[in-house]
A.B. asks: 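The structure follows.
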There are 2 protein chains.
Amino acid sequence: MDLRHLSFRLLQVYLQVVRTGSISEAARSLHLTQPTVSLQMKKLTETVGEPLLEMQDGKLAMTAVGSEFYRATCDVMGRFEDFGHTLEEARQGQWGHVKLGVVTTAKYVIPRILGGFYQHRPKVDITLNIGNRARILERFSNQEDDLYLFSHPPSGQHVRATAIIRNPLQLIAPKGHWAAEREAVDFSELKGERFLMREPGSATRMAFDTWLSARGLELNNTQQIESNEVIRLSVASGLGLAVLSAHTLDEGREKLVQLPVQGFPLESNWYLVSRRDRRLSQAAQALVEYMATDLTRCIEPAWVSEDLRKLLGPG
Amino acid sequence: MDLRHLSFRLLQVYLQVVRTGSISEAARSLHLTQPTVSLQMKKLTETVGEPLLEMQDGKLAMTAVGSEFYRATCDVMGRFEDFGHTLEEARQGQWGHVKLGVVTTAKYVIPRILGGFYQHRPKVDITLNIGNRARILERFSNQEDDLYLFSHPPSGQHVRATAIIRNPLQLIAPKGHWAAEREAVDFSELKGERFLMREPGSATRMAFDTWLSARGLELNNTQQIESNEVIRLSVASGLGLAVLSAHTLDEGREKLVQLPVQGFPLESNWYLVSRRDRRLSQAAQALVEYMATDLTRCIEPAWVSEDLRKLLGPG
DNA sequence: GCAGGCCATAGATAATAATCTATTTAAGAC
DNA sequence: GTCTTAAATAGATTATTATCTATGGCCTGC
C-alpha cells in the first residue's frame with residue numbers, strides 16, 4: 001500500500017460511498033458526478049492494492065479487507081476531526097502557550113494579572129521568565145518570549161509598547177528619619193545622605209539618574225545593590241535612602257517613610273511590550289486583550305495606566 | 001482546516017522534518033532538495049491555517065498547535081501502518097473471510113476439512129451455507145459464495161471444478177435382506193424391490209438414474225424422500241432399498257448391508273467449484289491450497305480423489 | 001568580515017489529480 | 001422484452017502537485 005498519493009479527499013469520498021452504500025448516491029450527496037466517484041474508488045482500490053467494495057446482490061458491499069480499511073479510515077478521520085476542534089480552541093485563544101519575559105520589579109504585580117487571566121482562560125499555559133532588565137532585554141532580542149513587561153521598553157522599530165500599569169518611584173527613608181518630620185524637603189538638603197541604588201541599566205536607576213541630571217544634581221555617597229528587597233530592608237535598617245517602586249514597598253512590613261521631596265514620586269509605568277515582527281499566538285493575544293479590558297479586576301484601578309486602551313489598537 | 005488537498009506524502013515529509021528537526025536534514029534523508037521540503041511545509045501550514053513550526057534559537061521548534069498536530073499525525077500514520085500489517089496478513093491469506101456453499105450430502109466431510117484448515121489458518125473466518133443441490137446452484141449463479149462443494153458441478157464456461165474427494169454410492173439393504181446372502185446379484189433380480197430415492201436434481205439421484213438408463217433399466221416401485229438420513233433409517237427399518245453416499249452410511253449405526261451388485265458402488269466425486277469470473281480472496285485461495293496439499297491430514301487418503309493436484313493449476 | 005550552514009522565495013516544468021460529458025454494460029422490475 | 005437505474009469506461013480539460021535549479025537573506029564561528 002503506497003500512501004504517498006492518497007489524499008484525504010479520496011477518503012472522504014470513500015466514506016460517503018460506504019455510508020450511502022452507493023456510488024451514485026454518494027456522488028449526488030457530494031455534488032459530483034457518478035463517474036467521478038467511480039473513478040476515485042478505482043484509484044483508492046489501486047492504492048490499497050486490494051478490492052474494498054464488491055457488488056453483492058445488486059448493492060455495494062465491503063469486502064473483508066474493505067471493512068478493515070473502513071475502520072481505519074474512520075479512526076483517521078476522527079483523529080483529525082478531534083485535532084480540528086483543538087485547533088478551533090487554539091484559534092479562539094482558549095488554549096495555547098504564552099511565554100512572558102518580565103523584569104524583576106514587576107514580579108509583584110504579574111501574579112495578580114496572571115491569576116485573573118487563569119480564571120478567564122484556564123487552558124492557556126503560561127511560562128514566566130523573570131530576570132533583570134539586561135536579561136529580559138536579551139530574551140527580547142533573541143525573540144524568546146511572546147510578550148514582555150518592562151519599566152523602560154527597549155527602543156527600535158519593531159517594538160510595540162503600551163503603558164499598562166503605573167509604577168511610581170518613591171523616595172524612602174527609615175522611619176524616624178529627620179526629613180520625614182518636615183512638611184517639604186528640597187532634594188539638595190539630602191546631598192549628604194547615602195543612597196542605595198540598583199545597578200545602572202535597571203529602569204529604576206535610569207529614571208532616578210535622568211531626574212537627577214535634569215536638575216544638575218549629583219550624589220556623593222551611593223551604594224549599588226542588585227535587589228529591591230535588599231535595598232528595602234537596608235533602608236529600613238538605616239543604611240541609607242533609596243528610590244524604589246511603590247509596588248516593592250507594598251510587599252514588606254518594614255518601617256519606612258516617604259520623604260516629601262518635590263517631584264516625588266517619580267511617575268513611571270510598566271509597559272507591555274511585543275515585537276511587531278513576530279505574529280502573536282492567539283493565546284498571547286487573548287492575554288493582551290484580557291489586560292486591555294479586565295485589568296481593573298485584578299489590579300486596583302488607581303494603578304492602571306491611562307493609555308491602556310491603546311493596547312488593542314493597530315500599532 | 002481544509003483536509004481535501006492534504007496528502008499522506010505531505011504528512012510523511014512533515015514527520016521527517018519534525019523528527020530531524022531541520023528542513024535541510026529532512027530533505028537529505030528523503031532524497032529531496034531543501035526548497036521542496038520548505039515549500040511542502042509552507043503548504044501544510046496553509047492547509048492547517050496556523051504556523052506549525054518556528055525558528056527558535058536557530059533551530060526549528062514546534063509551536064503549541066504544531067505539537068498537537070504532530071501528535072495527531074503520528075496517530076494517523078500509526079493507524080494506517082496497523083492497517084498495512086492487517087492488509088499484509090490478508091494478502092498472505094492468513095486472515096479474511098471465506099463463504100462456502102455446500103450440498104447437504106457433503107455435510108459429513110466438510111467439518112473435518114474445515115477443522116484441519118482452522119488449525120492451519122485460525123484467523124480465517126468461514127461461513128458455511130448448506131443446502132440441497134438446487135439451493136446451492138442458485139447461490140452459485142448469484143455469486144453468493146467464494147467456493148462450492150458439489151457432487152455434480154454445474155456446467156458453464158465460468159465454472160472451475162476439481163474432484164477432490166471420492167463419493168462412492170452404495171446400494172444398501174436392511175441387514176438380513178435375501179440378496180445380501182448371495183455372492184453376486186444381478187440388478188434385474190431387484191426389479192421387484194421398492195427403492196427409496198432422493199429428489200430428481202440431487203446428485204445421488206442423477207447418478208443412479210444415469211446408471212439405470214445406461215442399462216435400459218427402469219424401477220417399478222420407488223418412493224421419494226428428501227433426506228439422506230431418513231432414507232438410511234427407512235432402509236434399516238425394511239422399507240426398501242436405496243443408493244446412498246458411503247459417507248452418509250458411515251455416520252449411522254443402523255443395521256445395513258451393501259448388496260453385491262455388479263457395478264456398485266457407483267464411483268462419483270465431490271467437486272470443489274469456483275467461478276472463473278470472480279477473483280478468489282487470498283483467504284479462499286489459502287483454503288484451496290490447503291485442500292490441495294493437506295487434505296490427507298484430515299481425510300483418510302483412500303477417500304481423496306486422484307486429480308486433486310489439478311486444483312492448484314491455472315484453470 | 002567572510003565562508004558555510006540553513007531557511008525562504010522565485011520561476012519553470014512535467015506529472016498527476018480532479019472533474020466533466022457522453023457512452024457502454026449489467027441487472028432488476030414490471 | 002423493454003424501461004430504469006446503477007456502475008464502469010472513454011476521452012478531454014483544467015487545476016494542483018511535486019519537483020527541480022538558482023538566488024537572496026540571516027546567523028554563526030573563525
Side-chain angles (χ1 to χ4, degrees), chain A residues 2-14 16-48 51-63 66 138 141-144 158 275 277-279, chain B residues 2-14 16-47 51-63 66 138 140-144 158 275 277-279:
Chain A
D2 182 14
L3 288 177
R4 291 158 159 261
H5 299 291
L6 183 54
S7 77
F8 280 82
R9 173 57 166 169
L10 211 51
L11 295 183
Q12 288 176 329
V13 173
Y14 168 70
Q16 201 60 22
V17 169
V18 172
R19 285 168 182 164
T20 60
S22 142
I23 287 187
S24 299
E25 189 53 38
R28 274 190 291 275
S29 74
L30 293 166
H31 308 292
L32 295 171
T33 60
Q34 170 268 317
T36 299
V37 177
S38 182
L39 227 61
Q40 303 247 28
M41 291 306 97
K42 192 176 174 188
K43 196 166 63 137
L44 183 59
T45 303
E46 277 162 18
T47 300
V48 173
L52 301 174
L53 299 165
E54 59 187 347
M55 293 302 292
Q56 188 73 268
D57 205 24
K59 292 192 160 189
L60 278 191
M62 285 191 276
T63 61
E138 191 194 330
S141 65
N142 291 342
Q143 314 204 20
E144 293 185 49
H158 41 256
R275 304 184 58 107
D277 56 348
R278 190 165 182 221
R279 181 178 156 285
Chain B
D2 183 14
L3 289 178
R4 290 158 161 261
H5 299 291
L6 182 55
S7 77
F8 280 81
R9 173 58 167 168
L10 210 51
L11 295 183
Q12 288 176 330
V13 173
Y14 169 70
Q16 201 60 22
V17 169
V18 173
R19 286 168 182 162
T20 60
S22 143
I23 288 188
S24 299
E25 189 53 38
R28 276 190 289 276
S29 75
L30 293 166
H31 308 292
L32 294 170
T33 61
Q34 170 268 318
T36 299
V37 177
S38 181
L39 228 62
Q40 302 246 27
M41 290 307 96
K42 192 178 176 188
K43 197 167 62 139
L44 184 59
T45 302
E46 277 163 18
T47 301
L52 301 174
L53 298 166
E54 58 187 349
M55 292 304 292
Q56 188 72 268
D57 204 25
K59 291 193 161 190
L60 279 191
M62 285 191 276
T63 61
E138 191 195 330
F140 178 82
S141 64
N142 291 343
Q143 314 204 22
E144 293 186 48
H158 40 255
R275 305 184 57 108
D277 56 348
R278 190 165 182 221
R279 183 177 155 286

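The figures that follow rest on heavy atoms only: side chains count, while hydrogens, waters and symmetry mates do not. Reminder, nothing fancy here: chain letters follow the sequence lines and each chain counts from 1.
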A.B. asks: Identify, residue by residue, the members of residues 40-47 of chain B with a heavy atom below 4.0 Å from DNA chain C, and return them in order of residue number, or none.
C.D. replies: B/Lys42
A.B. asks: Please identify each residue that fulfils side-chain hydrogen bond (donor to acceptor under 3.5 Å, both in side chains) with A/Asn142, with sequence neighbours left out.
C.D. replies: A/Glu144
A.B. asks: Would you mind classifying the nucleic acid contact of B/Ser24 as base, sugar-phosphate or nothing, using non-hydrogen atoms under 4.0 angstrom?
C.D. replies: sugar-phosphate
A.B. asks: Going from CG on A/Leu60 to CE on A/Met41, what distance comes out if it is rounded to the nearest 0.5 angstrom?
C.D. replies: 10.0 Å
A.B. asks: What side chain to side chain donor-acceptor pair (under 3.5 Å) pairs are there with at least one residue in residues 3-14 of chain B, not counting sequence neighbours?
C.D. replies: none
A.B. asks: Does A/Glu54 have any side-chain hydrogen bond (donor to acceptor under 3.5 Å, both in side chains) partners at least two apart in sequence or in another chain, and if so, which?
C.D. replies: B/Arg278
A.B. asks: Looking only at non-hydrogen atoms, find the nearest pair between B/Pro51 and B/Thr45 and report the distance.
C.D. replies: CA-CG2, 3.6 Å
A.B. asks: Which value, rounded to the nearest 0.5 Å, describes the distance between B/Leu11 atom CG and A/Leu3 atom CG?
C.D. replies: 9.5 Å
A.B. asks: How many Å lie between CG on A/Leu3 and P on D/dA18, as a whole number?
C.D. replies: 14 Å
A.B. asks: Using whole Å, what does the distance between atom C1' of nucleotide C/dA8 and atom CE of B/Met55 come to?
C.D. replies: 11 Å
A.B. asks: Starting from P on D/dT17, measure out to CZ on B/Phe8 and report it in whole angstrom.
C.D. replies: 16 Å
A.B. asks: Applying ring pair (Phe, Tyr, Trp, His ring centres under 6.0 Å), name anything that partners A/Phe8, two or more places apart in sequence or on another chain.
C.D. replies: A/Phe80, B/Phe8
A.B. asks: Whole angstroms only, please: what is the CG-P distance between B/Leu53 and C/dC6?
C.D. replies: 16 Å
A.B. asks: Pick out the pairs of N or O atoms, protein on one side and nucleotides 20-26 of chain C on the other, that lie under 3.5 Å.
C.D. replies:
| from | atom 1 | to | atom 2 | distance (Å) |
| --- | --- | --- | --- | --- |
| C/dC20 | OP2 | A/Thr33 | N | 3.0 |
| C/dC20 | OP2 | A/Thr33 | OG1 | 2.9 |
| C/dC20 | OP2 | A/Thr36 | OG1 | 2.6 |

A.B. asks: Calculate the interatomic distance between A/Lys59 atom NZ and C/dG28 atom C1'; express it in whole Å.
C.D. replies: 13 Å
A.B. asks: Hey, does the side chain of B/Arg9 come within less than 4.0 Å of C/dT16's phosphate (OP1/OP2), counting only N and O?
C.D. replies: no
A.B. asks: Provide, to the nearest angstrom, the distance between the CG atom belonging to A/Leu10 and the P atom belonging to C/dA18.
C.D. replies: 6 Å
A.B. asks: Between C/dC6, C/dT19, D/dT19, which nucleotide gets closest to the side-chain atoms of B/Arg4?
C.D. replies: C/dT19
A.B. asks: Quick one: is D/dA7 close enough that its OP1 or OP2 comes under 4.0 Å of any side-chain N or O from A/Ser22?
C.D. replies: yes
A.B. asks: Among all residues two or more places apart in sequence or in another chain, which pass the side-chain contact (heavy atoms from CB on, under 4.5 Å) test with B/Glu46?
C.D. replies: B/Lys42
A.B. asks: Using the side-chain contact (heavy atoms from CB on, under 4.5 Å) criterion, which residues pair with A/Ser24? Sequence neighbours excluded.
C.D. replies: A/Ser22, A/Arg28, A/Gln34
A.B. asks: CG of B/Leu6 versus C1' of D/dT16: gap in Å, rounded?
C.D. replies: 14 Å
A.B. asks: Identify the pairs formed between an N or O of the protein and an N or O of nucleotides 24-30 of chain D at a distance under 3.5 Å, and give each distance.
C.D. replies:
none

A.B. asks: With sequence neighbours excluded, what pairs up with A/Leu30 under the side-chain contact (heavy atoms from CB on, under 4.5 Å) test?
C.D. replies: A/Val13, A/Gln16, A/Leu32
A.B. asks: Can you tell me the distance, in whole Å, between the CD atom of A/Glu25 and the C1' atom of D/dA6?
C.D. replies: 11 Å
A.B. asks: Suppose we screen for side-chain contact (heavy atoms from CB on, under 4.5 Å). Which residues come up paired with B/Thr33, at least two apart in sequence or across chains?
C.D. replies: B/Pro35, B/Thr36
A.B. asks: Does A/Leu44 reach the side chain of A/Leu6, with side-chain heavy atoms less than 4.5 Å apart?
C.D. replies: yes
A.B. asks: Within this structure, what is the CD1-CG distance for the pair B/Ile23 and B/Leu39, rounded to the nearest 0.5 Å?
C.D. replies: 10.0 Å
A.B. asks: Would you tell me if any nitrogen or oxygen in the side chain of B/Arg28 comes within less than 4.0 Å of OP1 or OP2 on C/dG5?
C.D. replies: no
A.B. asks: Looking at five pairs on each end of the helix from C/dG1-D/dC30 to C/dC30-D/dG1, what is the angle between the two axes, given to 10 degrees?
C.D. replies: 30°
